[in-house]
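If you're wondering where the values come from, they're calculated on a predicted model, not measured in any experiment. Computed from heavy atoms alone, side chains included, the values below leave out hydrogens, waters and symmetry copies. Throughout, a chain's letter reflects where its sequence line sits, starting with A, and its residues are numbered from 1.
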Amino acid sequence: MSYKIDESKQLGFYFDQTRCGACNACTVACKDWNQVNPGKAAWRKQFTYELADGFFPLAFGCNHCDEPACATVCSAGAITKDANGIVTVNRDKCQKLEMCITACPFAKPQIADDKQEPNPHVSWRVSHPMQKCNFCTDRLAAGMEPACVASCVGRALDFGTVEYIKNKYPDAKRLNYGDFPYAFVNNQNDTGPNLFIKPIAKQNTAGGMVIHKSGSYTGKRQD
Amino acid sequence: MGKETNVLKSLEESSISRRSFLKGLAAMGALGAVAGCSKDNGGEIIYGNTGGGLEGAIDPEDLSDLSSFDVAYATCPHNCGPGIRCVSKIWTKNGRIVRVTTDETKTDINGNVRDKNNWNDPRQLNCAKGHSYKYRVYHSGRLKYPLKQTKKRGDATGFVRISWQQAYNEVIRKHRAIYAKYGPAAIQAGSNNSSAGTWAAPSKAVSPITSLGGTRGSFSDHSFHQYNYCYNMAGLPNSKNYSSNHIGSQIPAVAGGAIKNWVSFGTNSMSTNNTLSYPYLRANQLAKELNPNFKHYVISPELCDTGVLNATDWVQIRNMTDSALIAGMIYHLITNTFAADGSIIEGGLLDVDYIDTCVYGFFDSPEYWLNETTGDISLDNKDDAGWTKVNAVPAGRSYAAWIMGDDPRLTKAMYSASKNYTAKQYVTKGDMPRASSCSMTIGGETPAYQADVNATKYYTKKDYMTPKSPEWAEKITGTPADVIRELAELYAKPENHPILTEWTGGLQKSENGVLTLFAIQTLFAITKTWGYSHGSTGGMYQSWASNPGQLGTAPEVEGLPGLPSNGKVSINNGSGSANPSTPAMSCKEHFNGLYFAFKDELDNNPDFKGFANPFWDGSTRYLNDDAGAKTQILYKREDDGTTYKTYQDPEDGRTYYDYVGREEGKPVYVGKRFYIGSAGTQLNQVANTNWAAEIMKALPLAGNNPDDPDTFCMAVFDIYMSPQAMLADYVFPMANTLEVVDGTSVGGIPFKRLPLATPPGEAKDAWDAAFIGWNEQSKLGNYNAERLDCAVPYGKTVPADAGYTYIGSSAPTYKSINDLYKAEIEKECQKATSRFYGMSVNQAIAAQILPKTASEPVNVTETTRSSLRQAVDSYLDTDMSVPFIYAAATNKFSPSVSNAMATFTTETQAGMPNKCGRMTCYAEYAVYTWEHAYDIYHGWLPADQRGQKNKDYENDPFIYPIPMYYAFEDTFNEMYGEFNTSSTKKDKQAGWYTVGPKPSSNDLSKITDKLTLTVGSTHDRYRSHSSQAENPYLREFTHRTKGGGWASCNDWNEYSVVPEIQAPGSKGDFSPMISRAVANKDMTQASWHEFWMNDEDAAQFGIKDGDLIRVSNPVGAIRVIARVTKRIVRGHGQIHQGAWYDPNPVDHVDDGACANTIMSNRPSRFDNGNSVHCAYCIVEKETSF
């Protein structure tokens, strides 16, 4: 076990928004490690969001929330939270009710299609049960970092117990709607996401970018 | 590890789990249909009946046990640049690649924990390209069999499978036939590789065919043509010194605070150079922490990812207008140096004495002679030894004269007001102003200050008399005038120095890219922002190399033996030379060479509809009066076979190279008749794909008669059915890098390995392929062809055992390189003295990798000045009453342009000021080079067509020697034919509208009812040029379905697969598409490339994010998905280069969205290079889908 892991304590991710170069190495490393074929289901995604006050890179997957809304709404009992806080889906139990997807503020539960997932398991009840980030438990068991953390070219990602993250990155903010509204695609509920973010400065604030905007251009020279 | 984890591993396309077998069987049937495997069609012939990537399936249940994998190091197989390759670890099971990870070491060799806050954390982590390599190896589009085209180029149903032996035999015969008749100049051997690594590189497999040598080379390349032409145009010191000036070497000085400010002209260094990205980012952060006033300006039409993280200021600017921005900056500096009455302002922004001493051509100046020993300047004629003549910068022709327009202050600023030595000498025969009114001509003769600006259609000329003020520049660039002034003062004030200025490839590869780069150099020269040992701004292309130099220390330990190299077959040349020389020419002239060679055939071919070259009337064999293109005839050689014969033209008395057919007045048109190589250099990577494809489709097939010297032949070595392979006569299926032995360093550490996977079908590594090729060459025997250009036949001897010789073996024992190298490693492991002693082969390979030792970064906190800069500064501290000879005597500043075009007749360049000991912004030698380029080859042409005309459509100079702004509207009017007004030209060009919608006017700036944008085509971080364009993991980041959001591309196994349909409306011209989903209009799976455009532009024209749109101009049209963003300036759009050309046979619109489909192949100004970042397009919603 890594020094950053305690079997009985909640695990979480750390993300430094000032270091994410939008390279998507983590996105591919995640799919590649977890054998997720090309296609719409992607356990983690990177996007540089555009707001009126700046550009905000963010790469994240399931936040293994303190109060996972996905698990609460799953009437099939397919989603559970482990001792170290990892939220896990048992795909054999999934009935594809998809309530978890809308309940999750971040829409992180994923459903593949026939093309992406051509070989259904006999143990599945439905063709494409929900799938999502499992914190690379197989890698953790082998003493490795999650695939996304290990691959991060900008050294923007870290993981560990929430205690470890708070100690090491005291300035990081827990993912919340007020500071990171673009992450909340389904609802604004506070589910206690275990993602801690060092934010990038907003435009025209200290340390933020200044944009010197060009004028409009009609496609015809202005004489 | 429980079941829950196992099921998550079950998704791989190839998995046939025992648990899932029953259900999976049905699904596999469906997949087989997807891959297109019925027996009687192109798909089965090309790819075989297994589809792609389905062999070697593993049981997903086994994935849970990590210890059951073989994990092998490999360098990232992707060669995206000249820096350190990233580290890949390839996880295989049962011989199949399952995963790719990267350097996950947490400690260095000494056990120190690596600190990710250090900018020199020495791990080289894979980007998305490296991580996604599994899908490049296992892909439905992999080539498996040698193919020969039997119907028509581009018709996938015309391919038949042939043996490797037949393929080599026929291509070698064709090569011999063409070589004999047209000489080596007709042959182009491509140097680009679709796959990196010595024995994966097709160049090795090509070598048995091109061994006769002397093929047509090219100067420069598609990436750096303009830079290589003009990097020294202003004569700045160290302007091409990668090792001391590249961005990587500047990192310590950024991180340490020695560099005070950073300006990026359009660069996206973090994306272009992944290995550089982390040090770049961290150093930038550290500089901001150290110095609260540190600025990093990103001046660009696009806020790229590097800009989002690093910029303190995004200065928005319209594409291709940087030289106008710089002109506005310099106007501000001039007007804050000279008062309205011409007097010099005390403490002004420019150091006028320095400029007089060190910069030629900024102001007007008289003709003079420079004493090379004493530095004396004399206006008296000193045509004797020891003196160098320096031409006048004529009145009203200097850079400052153009900048001032009708602002009269410099006409009142007299040299006599300055006391420096140079200025004093200039006025020894009478005073003169620093700049007269702009005298550039309008209408051929009339100087601008007398001309009617309404007499010209050129916006450039209409502006001659306009002061190039920040307000003028704002109109052109969109950049606010106040920001232009701010930037000017940033550069002018010494307290802001050193400034690290980087620029990117996007500034060049544009029609006027040379002018832009020249303008940046000029800015450095006149603001004295050069000559720092760290943080140098003297260099130009500063983001080239990616090795920051301090990325840890590789342990010095014994390595494994080197890879076997080839035996290099010896071929004797009876004519005395193995490599008869052939003139090199611009990279893009190879492309034009096809029309040069086959003009008559094409013009008489009714299938050849016309040219997507609206600027060109088709009456000549070459575009744009291109001097390099005019060297493509057969010249007579001396009997040594290497040197050309010459003759004296009786009319002009000048000496020219003699040519075959001179007596009869019938030159032999060589052009390009044979291409062999890989990658996309003949189609995807050259401007105007429609034109290239149309020509190749119209020419008869090579395979009809392999001994016929008069048919074009294209032989492509590739790993995919890429667009170029689709148009080939012969296709050779090659192994991927991971399927061959490799000897590329891993993260900077020497590394060799055995193959990690098996090539599919009959695909081969270059070792196996070359063996077959050489055997076929041997069977054809010696080469004793007569030749037209020389009395001595070629007479080359081909050894009977060439195949064995090449692989360093003896007949009849053939050993694959894999077996040979494995034996080498085994031998090493048995050596008692080796550190690999006692290891297995795999253990020995793994043992090569020892983590680099991390070290504390050595930051540079203060910059130092170069000796030249110190000498200049010392001189400026004196009263400057004596000559400054230091730089002139040792030729420290020696401005020049590439000499690749400088093959002149006997005239000299007397008076060209490239040895006057000064930098320059008046590059007269560049104009001379233009006018005389290659003219020694041009004896076959009428006198007025030799060299290159320096005339535009109104009879004014096409190029001037100053770094002026050339209006992009003029550029596009030249490209799209607006300036061609003769009726014959219009008739000739009727065909070019077939590639796109017909605009209401050729002059696109007059179309006001549609959204028109300039379009650039920068690199994409999810491809390396056109490599990996097919990779589905990466296509997700660049492609979307119609209306789809992030990564909604869903065309896995739909791309690089030939659809088995006859597209409706294709009129019997079977031109199948690479994307099956698009061809079938399957909207759940069809995806298109993103096109980035401004949100306000989009809103104004009713375009929403995710809309399918068409981007078109008179050259071509592409179909793309709108990515609506604030990160693009108004009036501009971005399509990343490298997507595969995939024209829809119904409407000819390129659904693959190869950027070059909308790029004109009009050569760029000054250098005749490629201007592939340079289009002007109508952007509108697509109605066809």
Of the listed residues (Cys26(A), Pro129(A), Ser151(A)), which shares the most heavy-atom pairs with chain B below a 4.5 Å separation? Ser151(A)
Could you grab the distance from atom [atom1] of [X] to atom [atom2] of [Y], nearest 0.5 Å is fine?
X         : Y         : atom1 : atom2 : value
Met144(A) : Leu66(B)  : CE    : CG    : 6.5 Å
Arg155(A) : Trp119(B) : CZ    : CH2   : 12.5 Å
Arg99(B)  : Asn34(A)  : CZ    : CG    : 7.0 Å

With a 4.5 Å cut-off on heavy-atom pairs, point out which of [options] contacts chain A the most.
options                          : value
Leu303(B), Asp305(B), Leu309(B)  : Leu309(B)
Asp103(B), Asn1031(B), Val483(B) : Val483(B)
Asn126(B), Thr312(B), Thr102(B)  : Thr312(B)

Show, in sequence, the C-alpha distance, side-chain angles and deciding distance for Tyr1033(B) and Asn24(A), and conclude whether the side chain to side chain donor-acceptor pair (under 3.5 Å) test is met. CA-CA 10 Å; Tyr1033(B) 266 169; Asn24(A) 273 300; over 6 Å; no
Measure Arg282(B) against the heavy atoms of chain A and call it side chain, backbone, both or neither at under 4.5 Å.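 Side chain of Arg282(B) only, per the 4.5 Å heavy-atom cut-off to chain A.
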May I have all residue pairs that pass salt bridge (Lys or Arg N to Asp or Glu O under 4.0 Å) and include part of residues 38-50 of chain A, sequence neighbours excluded?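 Counting only pairs at least two positions apart or across chains, no salt bridge (Lys or Arg N to Asp or Glu O under 4.0 Å) contact touches residues 38-50 of chain A.
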Go through the structure and list residues passing side chain to side chain donor-acceptor pair (under 3.5 Å) with His296(B), not counting sequence neighbours.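 In terms of side chain to side chain donor-acceptor pair (under 3.5 Å), with neighbours along the sequence ignored, His296(B) is linked to Ser264(B), Asn284(B).
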Please test Thr101(B) against Trp33(A) for side chain to side chain contact (heavy atoms under 4.5 Å, CB included), starting from the C-alpha separation and ending with a verdict. CA-CA 8 Å; Thr101(B) 57; Trp33(A) 180 269; 3.8 Å; yes
Under 4.5 Å from a heavy atom of chain B, the part of Cys20(A) involved: backbone
